[in-house]
Number of protein chains: 2
Amino acid sequence: MVLTTAEENYLKAIYHLSDGGTKSVSTNDVAAQIKTKAASVSDMLRKLGEKEVIEYRKYYGVNITEEGKKRALQTIRKHRLWEVFLVDKLQFAWDEVHEVAEELEHIQSPLLIQRLDEFLNYPKFDPHGDPIPDEFGDVRARPRVALIEMDIDQSGQIVAVKDSSAAFLKYLDKVGAYIGARIKVLDKVEFDGSMEILVDQKKTLFMSKDVAANILAIQS
Amino acid sequence: MVLTTAEENYLKAIYHLSDGGTKSVSTNDVAAQIKTKAASVSDMLRKLGEKEVIEYRKYYGVNITEEGKKRALQTIRKHRLWEVFLVDKLQFAWDEVHEVAEELEHIQSPLLIQRLDEFLNYPKFDPHGDPIPDEFGDVRARPRVALIEMDIDQSGQIVAVKDSSAAFLKYLDKVGAYIGARIKVLDKVEFDGSMEILVDQKKTLFMSKDVAANILAIQS
DNA sequence: TTACGGTTTTAGTCTTGACTAAAAATAAAA
DNA sequence: TTTTATTTTTAGTCAAGACTAAAACCGTAA
């Protein structure tokens, strides 16, 4: 059973909105996500229901089925692999990749994706730090570690903060350590626990133990 | 002015059928090329005429305009660059690339194509030996040389034959030296002018001076 | 229990790009 | 010059995927 580009996009949106299939999703939410009108969504949900990739009860929102989840993860896998390709091989910046990957993810060729995965050396995370599902749709849980726990020379990416107070976020923004930033530990000072961090391969940043303990990263 | 995927495909077909814009093309020819019906073509020609990428006179076929030629060459450029990518980077065989490239060529991103070109090191020919237009649509004329003229260790691709008699073509087919085959000169025998040729990186072929003089190749 | 506001669905329309069947135009033959 | 064969166009449909407007439904508050 083949899905159109539009159907793939709906399914992906539903997957994301449902937190990987754990919650049910309303028509309006899908409409907002896809940037379309609720009426169009109703129509599409009926079709996706017939194809059995979602379970659709009129007026009660949708739940994604196992088959649907598998399909959505395939699309997400393709999207993220292309993002890695664009950043690692074609020197795109991360904020430039999304739209292009949004188009590339709909290319139909299992061989292409298999070979691309191989060419990229089987990456586990995309440039935003999101995990890349394997060909069976399995997603490795992403272990998050406090920046303070990372060793010298380790690379990674900032994915979240523990203390999300406005003041702290403002500080992060000011020094350029935004969510998504790729970082590398250059040095750790034994004396006060402070760290020297390379951000986006160009900017060096000094941060106190307290700051470094509040930032969560994934290692790569 | 933006062209849809379907419009790009029509334009490309017209470009090819018109021999690069030198001949006019009939509705039926386009229908055969696109594998669609003449009625559908009529409709599309009207639309392409309004967009001024072709000159359309009812019942008298179409001529591609300068603007249309430029657009067609952009699409051809994208197609051929992707083919190079698939063969050179993803280890596709040259007869596996066409369909996938047919999808990839419609991805809209000038930056993507510019970076891809750079990543592939500005290739001048695709895996079938067809020239890749530059970003302005200029196509470098492809210098063809008789196989017999090539030096040892030179690589290239068979693009045509001088003597296209059935007997000769049959012979070529039998030994596996088809049009499009990638070849490399392994050895030239001074004594009788015969050559040893590596075909598609796997098969070694011995051919007489007379045969080698009848085969035209491009060098790469 | 009924009324109301918000959500969702239905009904009907539009555009793109395909189709078939029929009409019209051109080209070739008598 | 008229007839005939071929090509091309028009007219009318269809499916996908969007839209608007109107109707139907749900949950909550009176």
Side-chain angles (χ1 to χ4, degrees), chain A residues 1-15 17-18 23-64 68 71-72 75 99 102-103 105-108, chain B residues 1-15 17-18 23-64 68 71-72 75 99 102-103 105-108:
Chain A
M1 187 258 304
V2 179
L3 299 178
T4 66
T5 292
E7 287 169 339
E8 282 186 350
N9 283 334
Y10 272 92
L11 205 52
K12 198 162 53 109
I14 293 166
Y15 179 84
L17 289 169
S18 70
K23 301 202 291 244
S24 63
V25 174
S26 76
T27 301
N28 256 358
D29 290 349
V30 175
Q33 177 84 3
I34 301 271
K35 292 192 208 321
T36 184
K37 296 298 161 75
S40 312
V41 175
S42 278
D43 223 56
M44 184 56 96
L45 294 185
R46 190 184 41 70
K47 281 192 275 185
L48 291 175
E50 281 166 17
K51 294 197 171 187
E52 301 186 359
V53 290
I54 61 171
E55 226 175 291
Y56 176 41
R57 273 189 59 214
K58 278 184 196 174
Y59 295 102
Y60 287 92
V62 291
N63 288 90
I64 196 161
R71 297 305 190 99
T75 306
E99 284 185 30
E102 207 67 16
E103 290 189 56
E105 74 187 8
H106 301 295
I107 304 288
Q108 304 285 0
Chain B
M1 184 259 303
V2 179
L3 298 178
T4 66
T5 292
E7 287 170 339
E8 283 186 350
N9 283 334
Y10 271 92
L11 205 52
K12 200 163 51 111
I14 293 166
Y15 179 83
L17 289 169
S18 69
K23 301 202 291 243
S24 64
V25 174
S26 76
T27 301
N28 257 356
D29 289 349
V30 175
Q33 177 84 4
I34 301 272
K35 292 192 208 319
T36 184
K37 295 299 161 74
S40 313
V41 175
S42 277
D43 225 55
M44 183 56 96
L45 294 185
R46 190 183 43 70
K47 282 192 274 186
L48 291 175
E50 281 166 16
K51 295 196 169 186
E52 302 186 359
V53 291
I54 60 171
E55 227 176 289
Y56 176 42
R57 273 189 60 215
K58 279 185 194 172
Y59 295 102
Y60 287 92
V62 291
N63 287 90
I64 197 161
R71 298 303 192 98
T75 306
E99 284 185 30
E102 206 67 19
E103 289 189 57
E105 74 187 7
H106 300 295
I107 304 288
Q108 303 286 358

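Chain A is the first sequence line, chain B the second, and so forth, proteins listed ahead of strands; every chain is numbered from 1.
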Under 4.0 angstrom between [X] side-chain N/O and [N] OP1 or OP2:
X: B:Tyr56; N: D:dT9; result: yes
X: B:Thr36; N: C:dC19; result: yes
X: A:Tyr59; N: C:dT9; result: no
X: B:Lys47; N: C:dG17; result: yes
X: B:Ser42; N: D:dT9; result: yes
X: B:Asn28; N: D:dT6; result: no
X: B:Lys37; N: C:dG17; result: no
X: B:Ser26; N: D:dT7; result: no
X: B:Tyr10; N: C:dA18; result: yes

Rounding to a whole Å, what distance do you find between [X]:[atom1] and [N]:[atom2]?
X: B:Glu7; N: C:dT15; atom1: CD; atom2: P; answer: 15 Å
X: A:Tyr60; N: D:dC25; atom1: OH; atom2: P; answer: 11 Å
X: B:Asp43; N: C:dT16; atom1: CG; atom2: P; answer: 10 Å

Exercise. What does A:Ala39 touch in the nucleic acid at a heavy-atom separation under 4.0 angstrom: a base, only the sugar-phosphate, or nothing?
Worked result: base
For this session: Select base, sugar-phosphate, or nothing to describe what A:Ser40 touches, counting heavy atoms under 4.0 Å on all strands.
Result: base
Problem set entry | Gap separating the CD1 atom of B:Ile14 from the CD1 atom of B:Ile34, nearest 0.5 angstrom |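 Taking CD1 in B:Ile14 and CD1 in B:Ile34, the distance rounds to 7.5 Å.
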Seminar exercise, completed: Separation between CG (A:Leu3) and CD (A:Gln108), nearest 0.5 Å, reads 8.5 Å
Exercise. Thinking salt bridges, do B:Arg46 and B:Glu50 make one under a 4.0 Å N-O criterion?
Worked result: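 Yes, this pair counts.
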Exercise. Under the side-chain hydrogen bond (donor to acceptor under 3.5 Å, both in side chains) test, which residues partner B:Lys23, sequence neighbours left out?
Worked result: B:Asp19
